[in-house]
Amino acid sequence: FPQSVFTNNTTIKMRVHSCCCGCDLKTGCIIIGALQLIGALIGAIFCGIGLGASSFLHQMWDEYCKQNTDINCAEYKNTMDIALGVSLAICIFNLIISGLLIHGSRKRIANLLLPWLIVSGISLAASVIQVIVQFIMYGFQWVNLVSLLISLLIGGYFMIVVHSYRVGILSGEL
């Protein structure tokens, strides 16, 4: 369980001494990095396939737009290409960040864990913003709230594990 410590400047520092299922922090960080690496690799493959098949997808859109003339098909096709390209770039970036987490964990290099912590924090904040925007645009939906809470709990716990390992390396405890 996380251990809370209040310091003089009233910030809370959360640390754990082992990862879930009782494995040590190093193993936990390697598992976290491997899971993210696999997810990013699968995402990159699918985005690459989508970009490679964009001419086929554009033909499908053209057929659909012949039947539905009220839709601006050129805008949809461009948006699809941009979304796939941005998603591919994010997946490649996550591959690099995951590799840094795995390598930093294996070699006990604390500075290589920091990029993963920063990107994970930004990702969790972006998830909260995305759900708020969805609530504003489409109204309240339980599934969005539940998935956000699960993501925050798991992502937050993973961040505590990686942070704990980083602090342990920096302090010489590990």
Side-chain angles (χ1 to χ4, degrees), residues 1-53 81-134 142-174:
F1 289 99
Q3 180 182 42
S4 301
V5 179
F6 289 93
T7 61
N8 292 339
N9 60 2
T10 66
T11 59
I12 299 174
K13 296 183 179 183
M14 301 286 286
R15 286 191 66 191
V16 292
H17 299 288
S18 65
C19 190
C20 55
C21 302
C23 64
D24 63 0
L25 293 175
K26 177 181 178 180
T27 304
C29 289
I30 292 170
I31 291 170
I32 291 167
L35 290 173
Q36 186 174 356
L37 186 79
I38 291 167
L41 184 60
I42 291 170
I45 289 169
F46 279 113
C47 289
I49 290 170
L51 283 172
D81 290 342
I82 292 169
L84 284 171
V86 169
S87 296
L88 179 61
I90 290 171
C91 288
I92 291 170
F93 183 70
N94 280 329
L95 281 168
I96 295 167
I97 295 297
S98 301
L100 290 173
L101 175 61
I102 293 168
H103 184 68
S105 298
R106 287 180 58 243
K107 299 293 184 181
R108 299 182 197 269
I109 304 171
N111 288 339
L112 293 182
L113 307 181
L114 191 57
W116 186 89
L117 286 167
I118 293 169
V119 170
S120 294
I122 292 170
S123 295
L124 289 176
S127 295
V128 170
I129 293 169
Q130 177 187 1
V131 169
I132 291 170
V133 169
Q134 287 176 342
W142 278 104
V143 69
N144 288 346
L145 181 62
V146 170
S147 64
L148 173 67
L149 291 176
I150 292 170
S151 297
L152 289 176
L153 288 173
I154 293 171
Y157 181 72
F158 284 174
M159 286 185 69
I160 291 170
V161 169
V162 174
H163 172 72
S164 297
Y165 185 56
R166 183 175 186 276
V167 169
I169 293 170
L170 290 173
S171 67
E173 295 174 16
L174 301 173

If we only count heavy atoms from C-beta on, is the [X] to [Y] side-chain gap below 4.5 Å?
X: Leu112; Y: Lys107; result: no
X: Cys47; Y: Ser87; result: yes
X: Leu101; Y: Leu37; result: no
X: Trp116; Y: Gln36; result: yes
X: His163; Y: Leu113; result: no
X: Leu41; Y: Leu95; result: yes
X: Ile42; Y: Ile38; result: yes

Can you name the nearest heavy-atom pair linking [X] to [Y], along with the distance?
X: Ile30; Y: Ser105; value: CG1-CB, 3.8 Å
X: Asn111; Y: Arg166; value: OD1-NH2, 3.7 Å
X: Cys23; Y: Ile31; value: SG-CD1, 4.5 Å
X: Lys26; Y: Arg106; value: NZ-O, 3.5 Å
X: Cys91; Y: Gly43; value: SG-C, 3.5 Å
X: Gly168; Y: Ser171; value: O-OG, 3.3 Å

Interatomic distance, [X] atom [atom1] to [Y] atom [atom2] [nearest 0.5 angstrom]:
X: Ser147; Y: Leu152; atom1: OG; atom2: CG; answer: 9.5 Å
X: Ile32; Y: Tyr165; atom1: CD1; atom2: OH; answer: 12.0 Å
X: Ile122; Y: Ile118; atom1: CD1; atom2: CD1; answer: 7.0 Å
X: Leu124; Y: Leu153; atom1: CG; atom2: CG; answer: 10.0 Å
X: Ile102; Y: Ile97; atom1: CD1; atom2: CD1; answer: 12.0 Å
X: Ile160; Y: Leu25; atom1: CD1; atom2: CG; answer: 11.5 Å

